[in-house]
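Presented below is the structure to which this report refers.
Bear in mind that the values here come from a model prediction, so they are computed numbers and not experimental data. For reference, positions follow the sequence shown, starting with 1.
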Amino acid sequence: MAADFSGAGEFGPAPVARTWLSAFTTLGLAMWTATAGMTVPALSSANSAVTLFFILHAALDA
């Protein structure tokens, strides 16, 4: 039996394109802060605490 590669039936709809949040919202600021914090290789513990504060603050507001 040959495989059907027509794309009909087995797969759902195409995934929705996701965009980055604006940095001018609380959740966006938390996301951009966390992203910058992960990309900086030498992140100090004080900067980590501030990043965690933004993430937790956004989670409580959401």
Seminar exercise, completed: Scanning both residues in full, the closest heavy-atom pair of I55 with A34 reads CD1-CB, 3.7 Å
Problem set entry | With S22 via side chain to side chain contact (heavy atoms under 4.5 Å, CB included) - residues at least two apart | F24
For this session: Give me the other members of the hydrophobic cluster that L56 sits in, counting Ile, Leu, Val, Met, Phe, Trp and Tyr linked by side-chain heavy atoms under 4.5 Å, directly or via other members.
Result: L52
Problem set entry | Residue of the set L29, T33, T35 for which side-chain contact (heavy atoms from CB on, under 4.5 Å) holds with M31 | T35
For this session: Would you mind listing the cluster partners of F53? Hydrophobic ones only (ILVMFWY), side-chain contacts under 4.5 Å, chaining allowed.
Result: none
Problem set entry | Nearest-0.5 Å distance that lies between atom CG in L27 and atom CG in D61 | 9.5 Å
